[in-house]
Every structure is written in C-alpha cells, then in structure tokens.
Amino acid sequence: MRVSIITTIAAAVSATALGAAEIAPTAVSFEDGTVSQSLSGVAGDPASGSEIVGSKKLGNCIACHQVSDLADVPFQGEIGPSLDGAGERWTEAELRGIVANAKIMFEDTMMPSFYKTEGFIRPGNAYTGEAADDTFGPLLTAQQIEDVVAYLSTLKE
Amino acid sequence: MTNLKGALSALIVAGSMASGAMADPVDDTLIINEELTIVTRTAAPAHVADVLDEVMSGWLFRGTETRAMQADDFDNPGMIFVEQAEDVWNTADGSEGKSCADCHGASSDMSDVRPTFPKWNDAAEKVFTLEMQINDCRENRMGAEKWKYTGGDIVNMTALLASVSRGKPVNVAIDGPAQSTWEDGKELYYTRTGQLELSCANCHEDSYGKMIRADHLSQGQINGFPTYRLKNTKLNSAHARFKGCVRDTRAETYSPGSPEFVALELYVASRGNGLSVEGPSVRN
C-alpha cells in the first residue's frame with residue numbers, strides 16, 4: 001500500500017515536471033475571445049517574451065506590428081496596430097486570447113493563430129512547401145504564449 | 001574629411017529612414033530606353049473595381065535604383081536572357097528540323113501574344129499559359145522535348161516574348177470558355193492557406209503599400225513577369241513566385257504548371273488588364 005502511494009506521488013510529480021498543467025491547443029477555453037487560464041500553468045517571462053516578439057525565428061510579431069520598446073530591432077512592419085500601450089489597452093486574458101487565436105475575437109483579422117493545430121487549408125511543414133507531417137505543432141508553445149503575454153502586459157504608454 | 005564623413009553618415013541615416021518610412025507607391029513614370037512609356041498605373045478593370053480603384057505595377061513599389069535598372073535595357077540584367085532566347089528562337093530543334101522563326105517569323109512580330117495569355121486553347125479544351133503553348137509547339141510542331149515548366153530555357157523564351165510586347169496592355173479574356181478557370185483562380189486568390197492562414201488578398205489587396213518586415217507589399221501584379229530578381233539573380237516565372245508566396249504561408253504549395261496555378265495566373269493576370277506588359281522586369 002505504501003509503495004503504491006509513493007509510486008502515485010512520484011508519477012504525479014514527474015507529470016507536473018513534464019507539463020501536465022499545460023492546456024493543449026485543442027482544449028483552450030475561449031470566452032468572448034479571451035482566455036483567462038494560463039496555458040502553461042507557469043508565469044510568463046517578459047524577457048523571453050520580448051525575444052519572441054522581435055525574433056524572425058520565433059513569433060516574428062514585428063513583421064506586422066511596431067514596438068517602440070524594441071527600437072533596436074530593424075524593419076518593423078505596418079500591417080497590424082502598434083503594440084505600444086498594449087498592456088494598458090488589454091487585460092492579460094484578452095492578450096492571451098488574441099495571441100493564441102485572434103480570429104475568435106476579430107473574425108476577419110489577418111493575424112495568424114499562434115496556438116492552434118487544426119482547421120488549416122493545406123498545412124505545410126514550416127517553410128519547406130511540403131505537406132505537414134506528424135511533427136506539426138502550434139506556431140508557439142504554451143509557455144512561449146505566456147511569455148509573450150507577460151511581455152505585452154509591460155507595454156504601457 | 002571629418003565633416004565629409006559626418007555629412008555622409010547623416011545622408012545614409014536620412015536615406016535609410018526615408019526608405020523605412022516609405023509606404024505608398026511612388027509617383028514616377030517608367031520610360032524604357034527613353035522612348036517606350038509603360039503604363040504602370042491605370043483604372044482598375046471592371047471585374048476588380050469593387051475592391052481596387054487603381055491597379056499598379058510592382059515597379060512603383062520598388063526603390064529608386066531598382067526602378068532605374070528596368071528603364072534601360074543595358075542595365076536590365078533580364079535582357080541578357082532575352083538575347084539568349086533570341087538565338088534559340090532562330091535555331092532549329094527537334095525531329096521536324098524547325099525553329100520558332102520558321103513558322104512565326106521574327107520574334108518582334110509576336111507582340112500580340114504575351115498580352116492575351118493565359119488564354120483558352122480550343123484543341124486542348126483548357127486554358128493555356130504561355131509556357132504550355134511554347135511546350136505544345138515544341139512537342140507537336142517541332143518534334144522537340146518539352147522544357148521543364150520553370151526551367152531556364154522556358155523562362156528565357158517567355159522573357160523574349162514579353163520583351164517584344166512591352167508597352168502593350170495586358171488583355172486576358174475572362175469570359176467564354178475561360179470563365180470557369182478564371183473563377184477557380186479567383187477562389188484560390190481569396191483562400192487563406194497554410195498555418196499562417198494567409199490569402200493572396202490579405203497582403204496584395206488589403207495591405208499593399210505597407211511594409212511587412214523588410215518587404216514593401218505591392219499589388220502582386222504579374223504584368224512584369226518574368227522578373228529578374230536581385231535576390232536570386234535570375235529570371236523568375238509567375239508560377240515560381242506563386243509557389244514561394246504559398247510556401248511563405250507555411251502551406252503545402254501547388255506545383256508550377258498545376259491546374260491550380262494556371263487558374264491563379266489567369267485570375268491575377270486579369271487583375272492587371274490595362275497595365276502594360278513590362279517583362280522582363282527588375283525587382284528585389
């Protein structure tokens with residue numbers, strides 16, 4: 001009996017370490033386009049979020065949005081609204097919903113859905129032009145979304 | 001010296017700021033070799049007038065140096081490939097021992113061809129792109145091997161045929177037997193493909209004139225194809241560019257020459273009806 005309790009605890013602990021609290025892209029609960037629950041269960045890191053927003057290889061948010069706080073990142077795009085003051089205009093739950101899947105709040109938005117794995121037309125394997133294979137995952141991980149939300153929350157005018 | 005350096009770096013900073021801020025198409029006129037005026041901006045054809053007031057060549061969205069390269073055939077690297085194709089035009093190939101010129105005469109007599117392609121082909125009962133027509137000639141008139149759809153031989157030949165049509169308005173037919181293909185192309189134009197869920201229209205209808213990262217979005221007109229790109233230093237066909245765009249939506253692309261891209265080419269070409277043929281153009 002004691003052995004089995006210990007085994008159960010050990011299993012629970014290791015499951016947590018592997019991210020058991022993470023919400024899968026297909027299981028995110030939206031309410032009017034907002035997501036109140038953390039996707040990873042771990043607080044977001046604004047420094048990491050800043051890197052993701054500015055990096056071409058990660059979120060590449062500045063391909064379309066300008067961010068004065070990232071003035072050292074060149075070639076900021078003009079497609080979407082400036083993200084300056086985003087942390088004042090939007091609550092954390094709104095930001096999480098917009099970053100995870102903006103089309104739920106704004107039906108016709110051009111913005112890609114960063115935490116979505118289903119419902120695409122001809123999904124590809126990254127930028128290869130080939131069909132998606134079984135490695136297909138969301139554009140950003142649950143923790144990366146949390147990091148971006150944490151960073152955006154710091155943007156005050 | 002120090003002053004000169006200071007002035008130079010000030011100029012460079014001003015220059016890069018200006019290009020960074022540049023968003024709208026420029027107000028400029030393309031005159032090739034100081035004699036041939038190209039229509040790079042005109043009223044939208046009726047079938048796109050609900051979404052665009054004017055149609056504009058991609059030339060208006062490029063920088064000063066790139067625009068200048070296209071205005072002089074000696075500076076346009078695409079013209080080297082036109083010269084190569086002119087040699088091929090006059091050289092016999094295949095089992096029939098015929099050259100293009102044997103049936104068609106001088107390449108300069110072909111100026112009415114490029115503006116109307118893609119167009120319906122009665123015998124094949126489908127819409128032909130210029131590449132398909134060239135390969136049909138090679139196989140069925142010359143007894144020669146087909147060329148690879150986006151290979152150097154065929155893109156050079158399309159550059160030759162475009163070059164002799166420069167200044168003539170694009171005028172593809174969208175009605176009659178071509179209509180259903182045109183409608184397929186239109187549907188594809190508005191389909192949001194790939195993991196980024198982007199349609200042609202998202203960038204080239206809704207956002208032209210804006211910067212997406214370092215790229216200045218144009219209307220995606222194809223009147224300038226094939227286009228010599230400074231980025232890959234070769235001529236690029238419309239289907240190769242379509243493939244690159246669809247790939248950049250993180251999608252499984254269609255193949256050059258596929259029915260999907262033939263339909264898309266007809267539709268996109270029709271959005272530029274009234275613009276001058278300007279291939280081979282020069283772009284980034």
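Throughout, a chain's letter reflects where its sequence line sits, starting with A, and its residues are numbered from 1.
- In this structure, B:Arg250 forms a cation-pi arrangement with A:Tyr127, its terminal cationic atom sitting closer than 6.0 Å to the ring centre and no more than 45° off the ring axis.
- Under a cutoff of 6.0 Å and an axis angle of 45°, A:Arg122 and B:Tyr254 form a cation-pi pair.
- Neither the backbone nor the side chain of A:Thr117 comes within contact range of chain B; no heavy atom of the residue lies under 4.5 Å from a heavy atom of that chain.
- Between chain B and the residues A:Pro123, A:Ser113, A:Ala126, the most heavy-atom pairs under 4.5 angstrom are made by A:Ala126.
- Atom CD of A:Glu107 has 12 or fewer heavy atoms from other residues, nucleotides or ligands within 6.0 Å.
- Counted within 6.0 Å of CG on B:Asp50, heavy atoms from surrounding residues, nucleotides or ligands total more than 12; the atom is thus considered enclosed.
- Residue B:Ser199: no heavy atom, backbone or side chain, is found under 4.5 Å from chain A.
- Interface remark: A:Asn125 contributes no atoms to any contact with chain B (heavy atom separation under 4.5 Å).
- Counting heavy-atom pairs closer than 4.5 Å to chain B, the top residue among A:Lys56, A:Gln76, A:Met111 is A:Lys56.
- Considering only heavy-atom pairs separated by less than 4.5 Å from chain A, the leading option among B:Asn202, B:Asp215, B:Asp206 is B:Asn202.
- Under the 4.0 Å criterion applied to side-chain N and carboxylate O atoms, B:Glu278 and B:Arg283 are assigned as salt-bridge partners.
- For B:Leu198, the part sitting under 4.5 Å from any heavy atom of chain A is the side chain, from C-beta outward, and nothing else.
- Proximity to chain B (any heavy atom under 4.5 Å) is shown, for A:Lys116, by both the backbone and the side chain.
- With B:Phe242 as the partner, the ring pair (Phe, Tyr, Trp, His ring centres under 6.0 Å) test is satisfied by one option alone out of B:Tyr149, B:Phe261, B:Phe225: B:Phe261.
- The one candidate from B:Pro256, B:Pro118, B:Ser237 that meets the side chain to side chain contact (heavy atoms under 4.5 Å, CB included) condition with B:Thr129 is B:Pro118.
- The choice from A:Gly80, A:Cys64, A:Pro74, A:Pro112 that makes the most heavy-atom pairs within less than 4.5 Å of chain B is A:Pro112.
- Contact annotation for A:Phe114: neither backbone nor side-chain heavy atoms come within less than 4.5 Å of a heavy atom of chain B.
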